Q: 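Handing you this structure, nothing more for now.
Because only heavy atoms are used, hydrogens play no part in the values below, and waters and symmetry mates are left out as well, while side chains stay in. Just so it is clear, the model here is predicted, and its values are computed rather than measured. Residue numbers begin at 1 in each chain, while the letters A, B, ... track the order of the sequences.
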2 protein chains.
Amino acid sequence: MTISDPARIATPAPARWTGFLLARAHLRAHAMFQDALSPLALTPKSFGSLTVIAEQGPLSQAALGEMLRIDRTTVVAVVDELERAGYVERGRDSADRRVHSLRATGAGREALRAAERIADSMQAELLEDLDPDEREQLHSLLARIAG
Amino acid sequence: MTISDPARIATPAPARWTGFLLARAHLRAHAMFQDALSPLALTPKSFGSLTVIAEQGPLSQAALGEMLRIDRTTVVAVVDELERAGYVERGRDSADRRVHSLRATGAGREALRAAERIADSMQAELLEDLDPDEREQLHSLLARIAG
DNA sequence: TATTGTTATACTCTATAACTATA
DNA sequence: TATAGTTATAGAGTATAACAATA
């Protein structure tokens with residue numbers, strides 16, 4: 001076997017480290033979701049933001065950022081994007097006029113439903129080798145180390 | 001409860017989606033490893049590269065890139081970094097003179113041992129809430145969805 | 001013609017600093 | 001003084017295209 005033999009390429013990466021397994025699984029999931037959601041003008045990040053705004057809105061940009069661990073300057077860009085697509089509106093909070101109170105529009109809720117259907121089928125593909133118990137175990141374990 | 005009430009901030013992100021859980025867990029693990037390895041002039045990526053080179057070297061840059069799913073132009077930068085630190089050497093493959101055959105130096109193997117000790121304690125912190133069976137389950141499940 | 005490695009370049013993502021308007 | 005949001009800017013990280021050397 002020479003150095004450049006293709007047989008060596010299949011050898012798995014350092015599987016002892018949780019971090020590498022997480023990086024690989026995340027890389028794959030992210031690429032799948034990004035491709036699948038692009039027709040709706042959504043990225044994984046803006047999809048997550050739209051989900052939170054639709055389910056928990058109205059809420060401030062600061063609250064959104066803390067929930068999704070997104071820096072407030074990045075939140076501005078994400079909300080700009082969602083607003084440009086017509087999925088989210090920036091309102092004013094009557095109690096605190098500094099705050100932009102975010103809420104999903106009708107089109108935003110429609111896009112979200114479509115995105116969820118796509119995401120469900122992506123997730124089915126991602127988890128195709130796992131039975132329902134294993135899927136639940138994976139979610140539970142990930143939630144416990146997510147911090 | 002007002003829009004900007006801090007109590008809302010603790011609410012978890014869309015936990016139904018594997019991708020979000022993976023993103024969170026990966027974000028945390030990456031930050032922990034990056035901080036912990038920086039005194040050794042290693043990043044998570046160069047640590048992974050050094051691991052592969054030490055365990056499977058000598059090997060070509062192309063093989064390293066395919067194993068770690070790193071683009072070949074990025075491999076150049078990572079190997080530059082490891083070579084500058086004195087951890088890796090670029091040799092020539094006598095059978096194919098296009099190939100750079102990578103191997104770890106003595107200093108590289110020493111740094112790798114030190115990095116592994118640090119990574120082990122980071123991993124213990126990352127997985128502190130999981131018992132040994134659960135840690136093994138998590139690794140097994142992640143490996144099966146990593147693609 | 002195809003592949004290995006390299007460089008130059010551009011693009012995405014994210015964070016830092018400085019600002020405004022409000023509190 | 002502190003916070004919400006904004007802008008400008010800079011820094012990672014990564015990918016694309018074009019090239020030289022070799023197969």
Q: Report yes if some heavy atom in the side chain of B:Thr43 is under 4.5 Å from a heavy atom in the side chain of B:Glu81; otherwise report no.
A: yes
Q: Quickly work out the B:Asp71 CG to C:dT12 P distance and round it to whole Å.
A: 16 Å
Q: Could you give the NE2-to-P distance, from B:His30 to D:dT14, as a whole number of Å?
A: 7 Å
Q: Has A:Gln61 got a side-chain N or O lying under 4.0 Å from the OP1 or OP2 atom of D:dT3?
A: no
Q: When you compare the side chains of A:Ser60 and A:His100, does any donor N or O come within less than 3.5 Å of an acceptor on the partner?
A: no
Q: List for me each residue that meets salt bridge (Lys or Arg N to Asp or Glu O under 4.0 Å) alongside A:Arg90, sequence neighbours excluded, and say none if there are none.
A: A:Asp80, A:Glu83
Q: For A:Leu59 and D:dG5, what is the distance between atoms CG and C1' respectively, to the nearest whole Å?
A: 14 Å
Q: Would you kindly give the NE2-to-P distance between A:His26 and C:dC13, to the nearest whole Å?
A: 12 Å
Q: Kindly give the atom pairs (protein nitrogen or oxygen, nucleotide nitrogen or oxygen) under 3.5 Å for nucleotides 19-23 of chain D.
A:
| residue | atom | partner | partner atom | Å |
| --- | --- | --- | --- | --- |
| D:dT22 | OP1 | B:Arg97 | NH2 | 3.4 |
| D:dA23 | OP1 | B:Arg97 | N | 3.0 |

Q: In a table with atom names and distances, give each donor-acceptor pair under 3.5 Å that connects a side chain of residues 25-38 of chain A to protein atoms at least two apart or in another chain.
A:
| residue | atom | partner | partner atom | Å |
| --- | --- | --- | --- | --- |
| A:His26 | ND1 | B:His26 | ND1 | 3.2 |
| A:Arg28 | NH1 | B:Ile145 | O | 2.7 |
| A:Ser38 | OG | A:Asp35 | O | 3.0 |

Q: Nearest-Å distance, CG (B:Asp80) to P (C:dA8)?
A: 12 Å
Q: Taking C-beta and beyond as the side chain, do A:Val88 and A:Ser49 meet within less than 4.5 Å on heavy atoms?
A: no
Q: Rounded to whole Å, how long is the line connecting atom CD1 of B:Ile70 with atom C1' of D:dA12?
A: 15 Å
Q: Is the distance from OP1 or OP2 of C:dT12 to the nearest side-chain N or O of A:Lys45 less than 4.0 Å?
A: no
Q: If I take atom CZ in residue A:Arg69 and atom P in nucleotide C:dT14, what distance separates them, rounded to the nearest angstrom?
A: 15 Å
Q: Would you mind classifying the nucleic acid contact of B:Arg92 as base, sugar-phosphate or nothing, using non-hydrogen atoms under 4.0 angstrom?
A: nothing
Q: Is any side-chain heavy atom of A:Pro44 closer than 4.5 Å to one of A:Phe47?
A: no
Q: Round to a whole Å and report the spacing from NE2 of B:His100 to P of C:dT3.
A: 18 Å
Q: Assess the residue pair A:Glu89 and A:Thr105 against the criterion (side-chain hydrogen bond (donor to acceptor under 3.5 Å, both in side chains)); give the C-alpha distance rounded to whole Å, side-chain angles, the decisive distance to 0.1 Å, and a yes or no.
A: CA-CA 7 Å; A:Glu89 285 174 349; A:Thr105 64; over 6 Å; no
Q: Do any side-chain nitrogens or oxygens of A:Arg90 fall under 4.0 Å of OP1 or OP2 in D:dA4?
A: no
Q: Map B:Thr73 and A:Ala77 onto DNA chain C by nearest heavy atom, then report which one ends up closer to the 5' terminus.
A: B:Thr73
